[in-house]
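Each ligand, and each atom within it, is numbered from 1 in the order the structure gives. In this text the structure is predicted, and so the values were computed from the model without any measurement.
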Amino acid sequence: SYDELRKCTNNFAERNEIGSGAFGKVYRGLLSDGLVVAIKRAQQGSTQGLLEFKTEIELLSRVHHKNLVGLVGFCFEQEEQMLIYEFMPNGTIRDSLSGKSGIYLDWNRRLYVALGSGTGLAYLHEHANPPIIHRDVKSTNILLDENLTAKVADFGLSKLVSDTSNGHVSTQVKGTMGYLDPEYYQTQQLTEKSDVYSFGVFMLELLTSKRPFENGKYIVHQVRTTMNKDEIEHYGLWDMIDSSIRDTSNLIGFGKFLEITIQCIEDLPEDRPTMSEVVKALETILQNDG
Ligand code: ADP
């Protein structure tokens, strides 16, 4: 209930702060029934478009899937706006890859992270009603629950943030540099295939542990023309792969994984697979693993 959510405000102590993002600060909180939650609290200020916000959020709160970070509640009043999500105790994939969270992802785990997050996105595209384009797929928006299951966070939200930032509803959306597909710069439209592109960049992160931009180099440009492990070695790109992965004796499905990644970051959206096709291909890798 609204009162219940109001009580969460008692949790807004600095020690409970876990991060901050486009929407505002993020806190760890405890609901009276014992559920641990992540509370995103908007900065005070713009209350414009509150009604559109509420309608959209109501829609999002009805989307449930094991690979999506669930929205368990929200509060959208004039004086207080917050979103309450299931708490993900093992942090973001970016935190894992950078060594910040202490969760090491070996190759097998990375395969499951890709499969899990891919499944969440495919659900948004094909089973949510109406379909939802995430618009901001990236390693800081994919989190790990207590069982290290990957869950996609913030779906549908980047639209709201950019819609209200200028006070009126627009179809223009800002994703994140490095994850935006090439056609976005021409059309300013994000589609399901934009999510596929961003997911391809995310898969590159799983391969390399690097951010999409590092040392002034764009990871996609470095890898795009490469089709298999031999070619990677030939072009010297093998060096880009995370050394702990490179040293793994049996990289199950490595060539296939790379192939899917490269298809996802194709220049033309029609050359990219759908998220369900990506999921099927990843499932095949894991099924063939004895
Ligand atoms: P951004 O807008 O940059 O995506 P967010 O507002 O989504 O940032 O989140 C900021 C930080 O808060 C994340 O990097 C993550 O560490 C933490 N966080 C977000 N959601 C959750 C959650 N459901 N459970 C645990 N931590 C979370």
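Looking at atom 22 (C) of ligand 1, its nearest protein heavy atom turns out to be Ala38 CB, 3.4 Å. The protein atom (non-hydrogen) at minimum distance from atom 7 (O) of ligand 1 is Lys40 NZ, 2.7 Å. Distance from atom 2 (O) of ligand 1 to its nearest protein heavy atom, with residue and atom name: Ala22 N, 2.9 Å. Of all protein heavy atoms, the one closest to atom 26 (N) of ligand 1 is Ile18 CD1, 3.6 Å. In terms of protein heavy atoms, atom 21 (C) of ligand 1 is closest to Leu143 CD2, 3.6 Å. Protein heavy atom nearest atom 11 (C) of ligand 1, with residue, atom name and distance: Gly19 CA, 4.1 Å. Of the protein's heavy atoms, Val26 CG2, 3.7 Å lies nearest to atom 9 (O) of ligand 1. For atom 3 (O) of ligand 1, the nearest protein heavy atom (residue, atom name, distance) is Gly21 CA, 3.9 Å.
Side chain of Asn147 to backbone of Thr149: no donor-acceptor contact under 3.5 angstrom is found.
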Check against side chain to side chain donor-acceptor pair (under 3.5 Å), Ser209 and Arg110: CA-CA 10 Å; Ser209 298; Arg110 292 183 200 209; 2.9 Å; yes

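Between Ile103 atom CD1 and Ser96 atom OG the span is 6.0 Å, to the nearest 0.5 Å. With values rounded to the nearest 0.5 angstrom, Asp195 atom CG is found 8.0 Å from Leu124 atom CG. A distance of 5.5 Å separates OG1 in Thr261 from CG in Leu204, rounded to the nearest 0.5 Å.
More than 12 heavy atoms of other shown residues, nucleotides or ligands fall within 6.0 angstrom of atom NZ in Lys210.
For Phe257 and Trp107, the distance between ring centers is under 6.0 angstrom.
Residue Asp154 has at least one heavy-atom neighbour below 4.0 Å for each of these atoms of ligand 1: 4 (O), 7 (O). Interface of Val69 with ligand 1, defined as ligand atoms under 4.0 Å from a residue heavy atom, comprises 23 (N). Atoms of ligand 1 found under 4.0 Å from any heavy atom of Phe87, numbered from 1 in the order shown, are 24 (N), 25 (C).
Taking a cutoff of 4.0 Å between a charged side-chain nitrogen and a carboxylate oxygen, Glu277 and Lys280 do not qualify as a salt bridge. Salt-bridge annotation for Glu86 and Lys66: absent, with no side-chain N of the basic residue lying under 4.0 Å from a carboxylate O of the acidic one. Electrostatic pairing of Glu205 and Arg94 counts as a salt bridge here, judged by a charged N lying under 4.0 Å from a carboxylate O.
In this structure, Arg28 falls outside the shell of residues with a heavy atom less than 4.0 angstrom from ligand 1. Ligand 1 is never approached by Ala153 to a heavy-atom distance shorter than 4.0 Å.
Checked against a 3.5 angstrom limit, the closest N/O atoms of Asn141 and ligand 1 fall inside it. Residue Met88 has at least one N or O atom closer than 3.5 Å to an N or O atom of ligand 1. Taking only nitrogen or oxygen atoms, main chain and side chain alike, Glu86 reaches within less than 3.5 Å of ligand 1. By the 3.5 Å distance cut-off applied to N or O atoms, Lys138 is not counted among the residues near ligand 1. For ligand 1, the polar-atom distance check finds no N/O of Thr92 at less than 3.5 Å from any of the ligand's N/O atoms.
Geometric assessment of Lys40 against the ring of Tyr85 yields a positive cation-pi assignment under the 6.0 Å and 45° thresholds.
With a 4.0 Å cut-off on non-hydrogen atoms, Ser20 touches ligand 1 through its backbone and not its side chain.
For Thr176 and Asp136, the side-chain atoms include at least one donor-acceptor pair closer than 3.5 Å.
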